[in-house]
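Just so it is clear: chains get the letters A, B, ... in the order the sequence lines come, proteins before strands, and each one is counted from 1.
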Amino acid sequence: MYAESALDRRSTDPATSAVADLPAGSANGVMPASAPRDLRRVPIHPDYWYPLAWSREVKPGKAHGVTFAGDPIVIVRTATGRIFALEDRCAHRQVPLHAGVVDGESIRCCYHGWTYDCSGRCIDVPYLGKERLPNGVRAYPCEERAGLIFVFPGNPALAEQRALPEFASVADPKYKTRRLGRAVKCHYSFMHENLMDMNHQFLHRKQMGMMRARSLGRRRGEGYVEVDYTFEREQGKQPVGEALVFGKDGGQNNKDVMTVRTGYPYQTLQIRTSSGTLVMDLWIAYVPLDAAQRTNRTFGTLSIRRPGVPFALDLAWPLLVWFTERIFKEDREIVEMEQAAHDRQGEDWNHEVFPVIKELRELLRECGARTVIPIHPVQG
Amino acid sequence: MYAESALDRRSTDPATSAVADLPAGSANGVMPASAPRDLRRVPIHPDYWYPLAWSREVKPGKAHGVTFAGDPIVIVRTATGRIFALEDRCAHRQVPLHAGVVDGESIRCCYHGWTYDCSGRCIDVPYLGKERLPNGVRAYPCEERAGLIFVFPGNPALAEQRALPEFASVADPKYKTRRLGRAVKCHYSFMHENLMDMNHQFLHRKQMGMMRARSLGRRRGEGYVEVDYTFEREQGKQPVGEALVFGKDGGQNNKDVMTVRTGYPYQTLQIRTSSGTLVMDLWIAYVPLDAAQRTNRTFGTLSIRRPGVPFALDLAWPLLVWFTERIFKEDREIVEMEQAAHDRQGEDWNHEVFPVIKELRELLRECGARTVIPIHPVQG
Amino acid sequence: MYAESALDRRSTDPATSAVADLPAGSANGVMPASAPRDLRRVPIHPDYWYPLAWSREVKPGKAHGVTFAGDPIVIVRTATGRIFALEDRCAHRQVPLHAGVVDGESIRCCYHGWTYDCSGRCIDVPYLGKERLPNGVRAYPCEERAGLIFVFPGNPALAEQRALPEFASVADPKYKTRRLGRAVKCHYSFMHENLMDMNHQFLHRKQMGMMRARSLGRRRGEGYVEVDYTFEREQGKQPVGEALVFGKDGGQNNKDVMTVRTGYPYQTLQIRTSSGTLVMDLWIAYVPLDAAQRTNRTFGTLSIRRPGVPFALDLAWPLLVWFTERIFKEDREIVEMEQAAHDRQGEDWNHEVFPVIKELRELLRECGARTVIPIHPVQG
């Protein structure tokens, strides 16, 4: 509305004034000469394994429709338990195959009965001779691990050489695991930045009290950024819920170290005691659902090491569930506010001053797909 | 997302690979050298009579607002029972006349009281001299028949020479008629294709059992396509509801013939016994409501010949209503899925292999208006 | 759909045929040679004081988020009662400051705790040295008067020289004041035209009976248009609610005069008796909320002079509230219909014949901002 408004904004732009304000140690934080493309318009790279459903969502003899960045995909589990993934459309009239019928090791479209096998080949059109069968639909590599169904949405030739994530703590009986997940209305990059910047403890002050995160150092390598933190309580006492998740405060001498890592495209958060024991192990992925990549579905496993007393963690579990839900809700609300601001502003006005987040943003730009998400003007 | 996806899709495109797969007898099914315009973007042709309301919806002394392809139209029934149709906007401030007051043989806008007669002429502005009256609004030819109010939205000079549909069975006491109608969120062409392709019996397998349609032959002429079918039951018994609508199975020797005809812009479905008696007579029209023609309102009359036993059909009527509602619901859901797929794909990926449907698609393209519906990108 | 439709419309366009139809006395009503820009796309001018909240909406120690023409603004009231207004975004991650915490005389962002004073300066980032503080956000001039919080959204250098409105009747104990307000989904110009054209009494015929407004004369000057009316009852008796608001009918000799004035950007409606006593005094402003200026929030004060009998007005107040709510609802519905018609037509088809409204439209065009509101195609 008023011209100086834009000036105010530009003067707080990281590409201009903020560079000089960088804290020490930002050796990697060099800004490119030309303006970088808007991080919120970088598509996630499809040449990775992405969890698209929980195993329990795909029952035997049923088909389940999901999307990856706007591409509809049907996951089929046959009566024998085998899973496969196809484009979720009949080659004939384009209706979703997930509305169809699982028939032996194939899926039959609900409309005119066209039938596809696990490779996407059309193997039957009820009113057409077998010698005239039309082409079928695309199949996706599909694997099941740790209660998650992973699909490889990119170039299938690359699927084998790309490793699936490990879930060591989930399999280890010394840990108890909670599965987390919900749709969040924002670009996946906001999720990574939220978790990695532990200065956002202020957001959770009602759940956690006033905590100060101290960054011990960060590492950047091929496809990853990670950072270590310790925490100090500034005021108040430790809430019970937090003690369950993060372990009990050692008072002012707490030497537990939290490591947050984005190993593209996944993220982990691990807490180790001074003796090196892994007490908390979070693995999480943010899967874009829509073509604009403005909504992501979160799939996470949160593994907590069982304490010495048997069943103590099981008894405390409901409290832990409540606590993590509260934290997650606050995070969801704030990243959705960030997305709404980006929608209104039409570009990335983010003014980052924290070196590890600057590096994370570079990583997400470098590892993302080369294209740009088109965005439409938001009226309102 | 991944380049080969587009390749897969192209290879199933009827304009390329599928032509060779055509069943015999597709003499008319010649593909044009250049890509045809997208059928889902062909506007319905306005130079026909379209039902825009049921008679019972327009009460004496009341005005009723409808739309035809985004054009707002008000249908007025005066206290004396006369009907007329005008543009549904006051020439002054553009508010809908249907919110106004029927005053004698005219309609008065609710806002400042401007008044229009049945020809659309402005005959009163309460605060302006009669010698200064402004121009009025457009009037539409309007006729009432068989409980439907028909409007001619196109060039009014052509209205007289264009015949209104006949409703012989509706008027005939040997038949009992049910009126069908509902808004369906799709382009009208999906409706025509749905009804004409009887291979879609698979969709209604729960209502009808497994039936196989056999096409006996098809005819194409000026402004129409029609096709004859017989049916064979593949498995299971005939449900009671179906027997009511379609007549009782003659076992494997059922020689009833169903004829489905698109006589632009209407559609009919008739069933005749081997002796030539018309036992079922459906007339149906699909009227686009919005400018994008992505929603149509269906107006249909379903006439069933009364059996020899008096009142038998009346007793069975509730079951027939339930049965037709179930069938209609399944059809509505599937054509809305087709439209949603088209919205996402942005063009017509339909891969048709059935000759009569190929001809129907050509007919709808040829008879439609010459313009192209603009479509907006769908985000999501 | 049909070409003559457009012709019909053009022939009723004020820029062509209607000029000759002008009632006498439209000396100021000269049409420009070139087509004027669409009034519904003229942004309101930001260089005025606009009420953005009621005082009671901003509690001590709290922040309150509002918008002006799509610009988010936070109004903060500190514990000491001081108010200030800032851009409603944190300079860091752009989340709204209104979700933050009022801390002394400053506001702290809820996410990472960045803190801003009343001038918008960033005075604390908890994890950054004070010598490295980034730039802050814009501040807006902000004043409180008559229970309203006024903000100056335009060039702040002009704020002091631009007067705030006076609220003489609100402060005068001889009057009782009702505060009115609601969001209305239309461009602010429809609101001005609605109130100033008293020929729209026809709309309120159920509340007020059939009244005829007679325009006594109008005046146009720098930044204002005003018009005087008297009223005659055409039929029926005066409803009780109306007598309370507008005073009792003097039968056919009613000589009360109503003056409606748009003194840009506000509007007033005053009723004076023949002896010059001000019996009703309405002040109203229409504040665009969204960037497209398709929704406005109305802030009004309606002051009624107390009659001779003590407490009579207080006793009748609930009836008056009910009556004004009914009138306001009818006005809201009709202006929203006007906006919907404009959205569909894509341009201003308004065909105005009443001279004072023609002048009002010119005034709103001249006083509005110089830019043009972009509008997006409406599908449907």
(request) Indicate yes or no: does A:R294 engage A:D290 in a salt bridge with an N to O separation below 4.0 Å. (result) no
(message) Could you check whether A:R205 makes a cation-pi contact with A:F202, meaning its NZ or CZ is under 6.0 Å from the centre of the six-membered ring and within 45° of the ring axis?
(response) yes
(message) Under a 4.0 Å threshold between the charged nitrogen and the carboxylate oxygen, would A:D228 count as salt-bridged to A:R219?
(response) yes
(request) Using modelled atom types only, decide if a donor and an acceptor are shared between the side chain of C:N296 and the backbone of C:V287 within a distance under 3.5 Å. (result) no
(request) Identify which of C:C110, C:G113, C:G120 forms the greatest number of heavy-atom pairs closer than 4.5 Å to chain A. (result) C:C110
(message) Both conditions, 6.0 Å and 45 degrees, for the charged tip of C:R162 above the ring of C:Y48: are they met here?
(response) yes
(request) Report yes or no: do C:N135 and A:H351 form a side-chain donor-acceptor pair below 3.5 Å? (result) no
(message) Taking the basic N atoms (NZ, or NE/NH1/NH2) and the acidic carboxylate oxygens, is any pair closer than 4.0 Å for A:E359 and A:R218?
(response) yes
(message) Closer than 3.5 angstrom, by distance alone: can the side chain of C:R365 be matched with the main-chain N or O of C:R37 as a donor-acceptor pair?
(response) yes
(request) Write out, in numerical order, the residues from residues 333-341 of chain A with a heavy atom short of 4.5 Å from a heavy atom in chain C. (result) A:I334, A:V335, A:M337, A:E338, A:A341
(message) If the threshold is 4.0 Å, N to carboxylate O, is there a salt bridge linking A:E347 and A:R40?
(response) no
(request) Just say parallel, tilted or perpendicular for the rings of A:F354 and C:Y127, cut-offs at 30° and 60°. (result) perpendicular
(request) Could you please state which residues from residues 185-193 of chain A sit under 4.5 angstrom from chain C, measuring non-hydrogen atom to non-hydrogen atom, sorted by number, or 'none'? (result) A:F190, A:E193
(message) Between A:R361 and A:D348, does any side-chain N to carboxylate O distance fall below 4.0 Å?
(response) yes
(request) Could you tell me which of C:R108, C:H112, C:R93 has the largest number of non-hydrogen atom pairs under 4.5 Å with chain A? (result) C:R93
(message) Using heavy-atom distances under 4.5 Å, tell me whether C:C109 contacts chain A through its side chain, its backbone, both, or neither.
(response) backbone
